[in-house]
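Heads up: the structure comes next, in structure tokens.
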Amino acid sequence: MKRESKAVKVRNIQIGGGAPVSIQSMTKTDTTDVDGTIKQIEEMQKAGCEIVRIAVPDDDAAAALVKIRKLTDVPIVADIHFHYKLALKALDAGIDKLRLNPGNIGSIDRVREVVRATEAKGVPIRIGVNGGSLEKDLLQKYGTATPEAMVESGMRHVRILEDLNFDNIVISLKASDVNRMVEAYRLMATKVNYPLHLGVTEAGTPFGGTIKSAMGLGILLHEGIGDTIRVSLAAEPHEEVRVGWEILKSLELRKRGVTVVACPTCGRLDVDNFVEIVTEVERRLAHVEEPLHLSIMGCAVNGPGEAHDSQLGITFGRQVGMIFKDGVPMRKVAGADIVEEFVKEVEILRQEGKNAKSIAEVKPLVQIT
Ligand code: SF4
């Protein structure tokens, strides 16, 4: 069951309060490179990014934020560390959310000034605890960045804001260790009802990082914990967004774009370049936003069954692909032409508007492979 959380508004996106789990990511350009940053934001949006975080390390970045704000409507989170004046400048630039730890910006007067300005703009604050940068006294108390230490750190920041009657809060408790972040979020979920931003920080390269993120985020989301997610990879941000969507789609929490069921292949495979075909179909259909369920299967053992539960499917036999539509065989196409012809059928289907058969309606099959 989904954990109940307070609703927080980030421009046109609601986080928590029963809203769908949103996907966010962070630009990796130098923020002062306005054109480059806008280009990256557009790529992220194309991949389905709903909230974009931008680092604001200095005055030049804050000045660039003013220009960036004018060039995009995407909900923007300004990422601030230590400098309260940069937070004030970012708010003036028209950002939609602050990522800032109030305990790290100095005197309570400074915190109050930021909180009042934030309140005036109706903008939430995300408290972002990171296992790698915990307060020294907590590291001494707990020996290391344990889940309890991370939660205690988070609660300190929460109390600073609550003491100023500010509760427009989102919390993250990121660690690069999956077990640790899972425990930290579980613990925090028992203490507050603020929405939780999930992430495995510094997850790594696309291969390992995707697995770590899918594990950490997947466990929590499956337990109903988590209101917005960010996948962190040593890769372009739109890749992070793609992975985020796959995590949400695989748990049937959101629907977007093409889902291709493809068999792992085995000794019965009836076509030569199966992996290339599947990869090319996915690449050619990456622009599709509406949910479409497709299947590509290497032989007739499971092909017709999967095709039955797909809007369009291919089953191979003797180097020839049979295209199925809603489970009914349509036509045979030679392996060399299958990508082109299948993509054509998908585009026809989209035009027909026959994509109402949702992923949620598709029941998993028992595989014999
Ligand atoms: S559908 Fe199953 S049996 Fe047929 S090639 Fe793919 S993995 Fe092998």
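We count ligands from 1, going down the list as the structure has it; atoms in each ligand are counted the same way. By convention here, the first residue in the shown sequence is residue 1.
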Of Asn168, Leu161, Ile125, Leu164, the residue whose pairing with Thr118 passes side chain to side chain contact (heavy atoms under 4.5 Å, CB included):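 Only one option passes, and that is Ile125.
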
field: ligand 1 contact on Thr265 by region, counting heavy-atom pairs under 4.0 Å
entry: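 Looking at Thr265 and ligand 1, just backbone atoms fall under 4.0 Å.
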
message: Closer than 4.0 Å to some heavy atom of Leu269 - which atoms of ligand 1 meet that?
response: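 That gives atoms 5 (S) of ligand 1.
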
field: Atom indices of ligand 1, in the order listed, that fall short of 4.0 Å to a heavy atom of Cys263
entry: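 Once the distances to Cys263 are compared, the set is 1 (S), 6 (Fe), 7 (S).
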
query: Hey, is there an N, O or S on Cys266 sitting under 2.8 Å from atom 8 (Fe) of ligand 1?
result: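 An N, O or S atom of Cys266 is closer than 2.8 Å to atom 8 (Fe) of ligand 1, so yes.
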
- request: Please answer whether the main-chain N or O of Asp73 pairs with a side-chain N or O of Arg11 as donor and acceptor at a distance below 3.5 Å.
  value: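 Flag set: sc Arg11 to bb Asp73 pair under 3.5 Å.
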
query: Is the backbone N or O of Gly16 less than 3.5 Å from a side-chain atom of Gln14, with the two atoms forming a donor-acceptor pair by type?
result: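 Present.
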
field: Of Arg230, Arg126, His197, the residue whose pairing with Ser172 passes side chain to side chain donor-acceptor pair (under 3.5 Å)
entry: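 Result for side chain to side chain donor-acceptor pair (under 3.5 Å) with Ser172: Arg126.
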
